[in-house]
Undergrad: 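Have a look at the structure that comes next, please.
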Amino acid sequence: MEVKIRNRSRLMQVVATVLFLSLVWAYAQLEWNVPSSVGRSLVQSRGTITSSDGKVLAQSVDGKRVYPQGHLAGQVLGMMGTTDGLEGLEYAYDRSLASGQDLRLTINTSVQAAAESALRKAIPEHEAEYGSVVVMETRTGRVLAAASYPAFDPNHWRDYSLDARRNRPFLDVYEPGSVIKGLVVAAAINEGLTTPKTVYETPMNRHVGGRWGSVIHDAVDHPSTLTTKQILRYSSNVGMSHIVEKFGSDKLRAYFTQYGFGSYPDMPVVPAATGQLQPLRKWDDLVRVTNAFGQGMSATTLQLASAYNALANDGLYLPPQLVEGVAGPAEKREIVRPEVARTTRTMLQAVIEEGIPHQAGIKGYALGGKTGTAQVVVDGRYSSTIYNSVFTGFYPVDAPQITVVAMAHGAKLSYHGSMLAAPVFREIMKDVLSTWGAAPALRPPRPRKTKSSRSRSPQRVLPEPLLRA
């Protein structure tokens, strides 16, 4: 009797195991190999994604999701599995795309191609690990390009690592370094704390923060006294410590918040990181100073572009926009007065023309911008070998139409912002200006010096606004 019971028990175990394995196999078939008729109908009805200039970026063909432009904006688009979006916009807008709704992006394919091309050239050349670029239309906040390197082709997404699929301009958080100085100087002028011609004592190092403070240093040799304009030109940390000395921590941090730091971008649905600002209770003298030159706070390339776009847009912040017709909940807000923004832009023009004309400038075109070279925190300490190279800029200085931010991480060769990120900005601007057909400023020949001769202002020929399809 006991033998029969044992035999029946074994038989039941075998039957149960077989049934369980059958269920697992059936689930696997559903998960990994949806019946072709079901998968085909789901994909075939999925909405199309197009660029602002009318190029198809993602569409369904013969039951498959294809990306006709290959790696162009690959990380922005993401990809889809058998039936569902897995990453990027395919994931973020999965429900609307699955219901057959089309998406039209603000991305312009020629600008996107220029950004990707500049990164593809610079990152390997400097032996960097990765990089990102955001190009923004100044008067609207529309994102014209969001580029990442290494490249990613969603048509063959299984061949790429998770890092390669990452939409770095929106998701990578890092300390931006000295590019923050332009924003802080604008805020200080707006508060009446400084002027472009205010002079400061600027030794190469200075102790700040009292007994529990620290010594800050400058990296670029400069005169012992500098004006505010020269502080930006030489990117002096010591000079910035003077500019924010009487800037209340609560007020300065509020400006950072107004610029968009420490909060998520007002861009519905699209995945984006927030960066970080230290809580106000920690803003002692040292924190206030280090934040003034972009250390101790963090941001994304998208946030930097939005912040600098406010300076380019006469002090008016606009929430970034990636999908046409989908605006964020935040409204426009004035951060600094228009005249302050214009004054700051003029100083940033001098940063290029007097400091790095060959790295960031283009002869005949009025460009403005700021470099940043930031040590990367590794295991809780600032590394002496790993840096982020950053550049922010705009064109033309008097009435900007385009704002650009370029970033590269971990370069082993020429990692300074002026040597890596600034040339990336320059390459992008050369391509964009060529596409626009923007003529350089015309300078008439100098008149002979006579008693009746008068000086003339150079003629300016501004580019036509970026054409939209």
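Since the model is a prediction, treat every value here as computed from it, not as a measurement.
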Undergrad: Side chains of Glu87 and Leu162: does their closest heavy-atom pair fall under 4.5 Å?
TA: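 The answer is yes; the side chains approach within 4.5 Å.
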Undergrad: Looking only at side chains, do Tyr174 and Thr301 share a donor and an acceptor under 3.5 Å apart?
TA: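 Yes, Thr301 and Tyr174 have a side-chain donor paired with an acceptor closer than 3.5 Å.
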Undergrad: Salt bridge check, Arg65 against Glu90: does any charged N sit closer than 4.0 Å to a carboxylate O?
TA: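 Yes.
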Undergrad: Hey, does Ile386 have a side-chain heavy atom less than 4.5 Å from the side chain of Gln375?
TA: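 Not in contact.
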Undergrad: Give the C-alpha distance, both sets of side-chain angles, the deciding distance and a yes or no for side chain to side chain donor-acceptor pair (under 3.5 Å) between Gln349 and Thr346.
TA: CA-CA 5 Å; Gln349 181 179 5; Thr346 300; 5.2 Å; no
Undergrad: Write out all pairs satisfying side-chain hydrogen bond (donor to acceptor under 3.5 Å, both in side chains) with one or both partners inside residues 406-421, taking only residues at least two apart or from two chains.
TA: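 Listed once each, the pairs are Asn388-His409.
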Undergrad: Quick one: does any side-chain atom of Arg166 pair with a main-chain N or O of Gln75 as donor and acceptor, under 3.5 Å?
TA: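 No, the answer is negative, given that no donor and acceptor are paired below the 3.5 Å cut-off.
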Undergrad: How close do Ala115 and Ala147 get, heavy atom to heavy atom, and via which atoms?
TA: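 Reported closest heavy-atom pair: CB-CB, 3.7 Å.
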Undergrad: Tell me whether the NZ or CZ atom of Arg333 lies within the 45° cone about the ring axis of Tyr317 and under 6.0 Å from its centre.
TA: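 Positive - Arg333 is close enough to the ring of Tyr317 and near enough to its axis.
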Undergrad: Under the criterion side chain to side chain contact (heavy atoms under 4.5 Å, CB included), I'd like the reasoning laid out for Val56 against Thr48: C-alpha separation, chi angles, the key distance, then a yes or no.
TA: CA-CA 7 Å; Val56 175; Thr48 298; 3.9 Å; yes
Undergrad: Let's go through Gln321 and Met267 carefully: what are the C-alpha distance in whole Å and the side-chain angles of both, what is the deciding distance for side chain to side chain contact (heavy atoms under 4.5 Å, CB included) to 0.1 Å, and is it a yes or a no?
TA: CA-CA 6 Å; Gln321 185 181 357; Met267 208 164 46; over 6 Å; no
Undergrad: Give, for atom OG1 of Thr403 and atom CG of Leu304, the distance between the pair rounded to the nearest 0.5 Å.
TA: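 It is 12.0 Å, given to the nearest 0.5 Å.
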Undergrad: Could you grab the distance from atom CG of Asp250 to atom CH2 of Trp283, nearest 0.5 Å is fine?
TA: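 Reported value, rounded in 0.5 Å steps: 10.0 Å.
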Undergrad: Indicate yes or no for a side-chain donor-acceptor contact from Gln303 to the backbone of Ser263 under 3.5 Å, with no hydrogens or angles considered.
TA: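 Yes, because the side chain of Gln303 sits within donor-acceptor range (under 3.5 Å) of the backbone of Ser263.
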Undergrad: Determine the minimum heavy-atom distance between Met79 and Trp157, stating which atoms define it.
TA: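 Result for this residue pair: CG-CG, 3.4 Å.
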Undergrad: More than 12 non-hydrogen atoms from neighbouring residues, nucleotides or ligands closer than 6.0 Å to OH on Tyr91, yes or no?
TA: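 Open: at most 12 neighbouring heavy atoms sit under 6.0 Å from OH of Tyr91.
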Undergrad: Indicate yes or no for a side-chain donor-acceptor contact from Ser60 to the backbone of Gly63 under 3.5 Å, with no hydrogens or angles considered.
TA: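 Such a contact is absent between Ser60 side chain and Gly63 backbone.
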Undergrad: Treating Tyr365 as the side-chain partner and Ala438 as the backbone partner, does any N or O pair qualify as donor plus acceptor under 3.5 Å?
TA: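 A pair under 3.5 Å: yes.
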Undergrad: Aromatic rings Phe152 and Tyr160: how do their planes relate, parallel, tilted or perpendicular, breaks at 30° and 60°?
TA: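 Perpendicular.
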Undergrad: Measuring from atom CG of Leu420 to atom OG1 of Thr373, what distance do you get when rounded to the nearest 0.5 angstrom?
TA: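 Rounded to the nearest 0.5 Å, the CG-OG1 separation comes to 9.0 Å.
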Undergrad: Would you mind reporting whether Leu77 and Leu105 have side-chain heavy atoms less than 4.5 Å apart?
TA: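 In contact.
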Undergrad: Report the residue from Leu316, Asp314, Leu318 that forms a side chain to side chain contact (heavy atoms under 4.5 Å, CB included) with Arg139.
TA: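 The passing option is Asp314.
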Undergrad: Mind checking whether Ile49 and Leu97 have side chains closer than 4.5 Å, heavy atoms only?
TA: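 Yes, at least one pair of side-chain atoms sits under 4.5 Å.
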Undergrad: Minimum heavy-atom separation for Pro265 to Pro320, with atom names?
TA: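 That would be CB-CG, 4.1 Å.
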Undergrad: CD1 of Ile335 to CG of Leu311: how many Å apart, nearest 0.5 Å?
TA: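 It comes to 8.0 Å.
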Undergrad: Looking at Ser51 and Asn108, would you say the former's side chain and the latter's main chain have a donor-acceptor pair under 3.5 Å?
TA: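 Between the backbone of Asn108 and the side chain of Ser51 there is no qualifying donor-acceptor contact (under 3.5 Å).
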Undergrad: Examine distances only and state if a side-chain atom of Asp266 and a backbone atom of Pro319 form a donor-acceptor pair shorter than 3.5 Å.
TA: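 No; judged by distance alone, with no hydrogens or angles, the pair does not exist.
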Undergrad: Using a strict cut-off of less than 4.0 Å between a Lys/Arg side-chain nitrogen and an Asp/Glu carboxylate oxygen, indicate whether Asp153 and Arg165 qualify as a salt bridge.
TA: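 Salt bridge flag = no for Arg165 with Asp153.
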Undergrad: How close do Ala406 and Val424 get, heavy atom to heavy atom, and via which atoms?
TA: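 Smallest heavy-atom distance, with atoms named: CB-CG1, 3.7 Å.
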Undergrad: Rounded at 0.5 Å granularity, tell me how far CD1 in Ile428 sits from CD in Gln112.
TA: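 Ile428 atom CD1 to Gln112 atom CD measures 10.0 Å (nearest 0.5 Å).
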Undergrad: Looking at residues at least two apart in the chain, or sitting in another chain, which of them share a salt bridge (charged side-chain N to carboxylate O under 4.0 Å, His left out) with Glu129?
TA: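 For Glu129 there are no salt bridge (charged side-chain N to carboxylate O under 4.0 Å, His left out) partners, ignoring immediate neighbours.
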Undergrad: State, without any angle test, whether Asn313 and Lys332 hold a side-chain donor-acceptor pair at a distance under 3.5 Å.
TA: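 Checked: Asn313/Lys332 side chains show no N/O donor-acceptor pair below 3.5 Å.
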Undergrad: Would you check if Asn167 and Ser148 make a side-chain contact, meaning some heavy-atom pair closer than 4.5 Å?
TA: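 Asn167 reaches Ser148 side chain to side chain.
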Undergrad: Any side-chain heavy atom of Asn237 sitting closer than 4.5 Å to one from Lys181?
TA: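 Side-chain contact under 4.5 Å: yes.
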Undergrad: Applying side chain to side chain contact (heavy atoms under 4.5 Å, CB included) to Val134 and Val404, what does each step give before you reach the verdict?
TA: CA-CA 6 Å; Val134 168; Val404 181; over 6 Å; no
Undergrad: So, the side chain of Arg345 versus the backbone of Asp398: is there a donor-acceptor pair under 3.5 Å, distance only?
TA: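 Present.
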Undergrad: Step by step, would you call Tyr395 with Leu433 a side chain to side chain contact (heavy atoms under 4.5 Å, CB included)?
TA: CA-CA 10 Å; Tyr395 170 83; Leu433 293 173; 3.5 Å; yes
Undergrad: Identify the heavy atoms of Asp53 and Ile107 that sit nearest to each other, and give their distance.
TA: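 Where Asp53 meets Ile107 most closely, the heavy atoms are OD1-O, 3.9 Å.
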Undergrad: Rounded to the nearest 0.5 Å, how far apart are OG of Ser52 and CZ of Arg142?
TA: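 Going from the OG atom of Ser52 to the CZ atom of Arg142 covers 5.0 Å.
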Undergrad: Strictly by modelled atom types, are Tyr255 and Glu191 linked by a side-chain donor-acceptor pair under 3.5 Å?
TA: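 Tyr255 vs Glu191: donor-acceptor pair found between side chains.
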Undergrad: Do Met429 and Arg426 have side-chain heavy atoms sitting under 4.5 Å apart?
TA: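 In short, these two side chains do not touch, never coming nearer than 4.5 Å.
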Undergrad: Would you confirm whether Tyr308, through its side chain, and Val179, through its main-chain N or O, come within 3.5 Å as a donor-acceptor pair?
TA: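 Yes, the answer is positive, given that a donor and an acceptor are paired below the 3.5 Å cut-off.
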Undergrad: Is it the case that more than 12 heavy atoms not belonging to Tyr382 sit under 6.0 Å from its OH atom?
TA: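 Count over threshold, so yes.
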Undergrad: If only atom types and distance count, is the side chain of Thr106 paired as donor or acceptor with the main-chain N or O of Glu324 below 3.5 Å?
TA: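 Side chain of Thr106 to backbone of Glu324: no pair is present.
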Undergrad: Is it true that the NZ or CZ of Arg168 lies under 6.0 Å from the centre of Tyr130's six-membered ring and within 45 degrees of the ring axis?
TA: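 Yes, Arg168 sits over the ring of Tyr130.
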Undergrad: Are the side chains of Val135 and Val143 in contact, using a 4.5 Å heavy-atom criterion?
TA: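 A side-chain contact under 4.5 Å is absent here.
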Undergrad: Any Lys/Arg nitrogen of Arg46 or Asp94 sitting under 4.0 Å from an Asp/Glu carboxylate oxygen of the other?
TA: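 Answer for the salt bridge query: yes.
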Undergrad: Do any N or O atoms from the side chain of Ser235 and from the backbone of Ile231 form a donor-acceptor pair under 3.5 angstrom?
TA: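 Such a contact is absent between Ser235 side chain and Ile231 backbone.
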Undergrad: List in chain and number order the residues that pass salt bridge (charged side-chain N to carboxylate O under 4.0 Å, His left out) with Glu339, two or more places apart in sequence or in another chain; answer none if no residue qualifies.
TA: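 Arg337.
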Undergrad: Kindly give the heavy-atom pair with the smallest separation between Pro271 and Phe170, and that separation in Å.
TA: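 Shortest heavy-atom separation between Pro271 and Phe170 comes out as O-CB, 3.8 Å.
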